[in-house]
Amino acid sequence: AVAELYGQENTLIRQDDSSKCDTEDYSEHRDLECRTALVCAERNPVYVSIHQNHFPTAQAGGAQVIYAPGAESETLGRIMHQNIINALYPYCRRVAEPAAKKLYILSHVQCPAVLIECGFVSNPSDLENLKRPAFQTSLAVLMMASYLQYLQNTVRI
């Protein structure tokens, strides 16, 4: 439905914690390699990874976008972060930031790539919002609108 609504092709790599490898011996590292290969096999990909954050205490809250190395990733990350914060988490002081090398996929793709932490499941307020279909829809719309803003400033063939 997203492709028809926004006119953008997309590929869902996974919607649960299942492995994307064709081997029976599960390894988290091998699964990350397989998912990276799926991204790299796409024509002119832009990678958007959606997550929920967790912290040992309930105080941490809000969204944050982490971006892969490169100017295009940083541009996409900053647009996406600002839109999500402005619309859904105006109290949040987190900023978009570059990915640590330990984030395997973001460190190993050669395309614009971001990881979005949509909120903290350890924060009761964030968790309640994340459970609400209207909030989920708002997040999805903000992500897609941010992507379209990014495309408007970038030539991608």
Side-chain angles (χ1 to χ4, degrees), residues 1-20 31-32 34-55 60-100 103-157:
V2 172
E4 292 82 26
L5 180 63
Y6 291 102
Q8 299 296 312
E9 293 296 319
N10 60 77
T11 302
L12 180 63
I13 292 179
R14 67 182 195 154
Q15 60 187 16
D16 57 27
D17 283 334
S18 61
S19 175
K20 292 301 160 193
D31 186 55
L32 291 169
C34 291
R35 287 190 277 145
T36 301
L38 289 170
V39 173
C40 294
E42 294 291 323
R43 183 174 173 262
N44 293 321
V46 173
Y47 180 70
V48 177
S49 186
I50 302 168
H51 296 256
Q52 312 322 311
N53 217 334
H54 184 272
F55 197 71
Q64 183 173 27
V65 176
I66 301 166
Y67 52 86
E72 287 189 31
S73 294
E74 182 175 355
T75 298
L76 176 60
R78 290 187 184 281
I79 290 170
M80 196 156 304
H81 182 83
Q82 197 60 53
N83 287 339
I84 292 170
I85 295 301
N86 286 348
L88 300 176
Y89 292 103
Y91 61 86
C92 184
R93 297 200 191 303
R94 297 181 185 289
V95 296
E97 66 180 39
L103 293 175
Y104 185 88
I105 296 176
L106 293 184
S107 297
H108 288 82
V109 294
Q110 301 300 314
C111 64
V114 295
L115 183 151
I116 304 159
E117 296 284 4
C118 296
F120 283 78
V121 295
S122 51
N123 177 296
S125 178
D126 281 8
L127 181 59
E128 286 309 308
N129 280 333
L130 291 166
K131 288 180 181 179
R132 291 184 18 247
F135 190 85
Q136 293 169 16
T137 299
S138 294
L139 276 167
V141 167
L142 286 163
M143 287 178 212
M144 193 64 210
S146 298
Y147 172 70
L148 293 173
Q149 278 182 289
Y150 162 78
L151 282 183
Q152 194 173 32
N153 296 314
T154 312
V155 176
R156 298 198 56 79
I157 301 171

So does R93 have more than 12 non-hydrogen atoms from other groups sitting under 6.0 Å from CZ? no

Flag if over 12 foreign heavy atoms under 6.0 Å of CD, Q110: no

[atom1]-[atom2] distance between [X] and [Y], expressed to the nearest 0.5 angstrom:
X    : Y    : atom1 : atom2 : answer
M80  : Q64  : CE    : CD    : 14.0 Å
T36  : L106 : OG1   : CG    : 9.0 Å
H54  : D126 : NE2   : CG    : 12.0 Å
N53  : L115 : CG    : CG    : 9.0 Å
R94  : I66  : CZ    : CD1   : 9.5 Å
L142 : Q82  : CG    : CD    : 11.5 Å

Do you know which two heavy atoms are closest between [X] and [Y], and how far apart they sit?
X    : Y    : value
A63  : I84  : CB-CG2, 3.7 Å
A99  : L103 : CB-CD1, 4.0 Å
S73  : A68  : CB-O, 3.1 Å
G61  : N123 : CA-ND2, 3.8 Å
S107 : A100 : OG-O, 3.6 Å
Y150 : E72  : OH-OE1, 2.6 Å

Using side-chain heavy atoms (C-beta onward) and a distance below 4.5 Å, is [X] in contact with [Y]?
X    : Y    : answer
V48  : Y147 : no
V141 : M144 : no
L139 : L130 : yes
C111 : V39  : yes
H81  : C92  : no

Could you walk me through whether Y47 and I105 satisfy the side chain to side chain contact (heavy atoms under 4.5 Å, CB included) test, starting with their C-alpha distance in whole Å, then the side-chain angles of each, then the deciding distance to 0.1 Å, before giving a yes or no? CA-CA 9 Å; Y47 180 70; I105 296 176; 3.5 Å; yes

What orientation do H108 and Y104 show, parallel under 30°, tilted 30 to 60°, or perpendicular over 60°? parallel

Decide, yes or no, whether a salt bridge links R132 with E128 under the criterion of side-chain N to carboxylate O below 4.0 Å. no

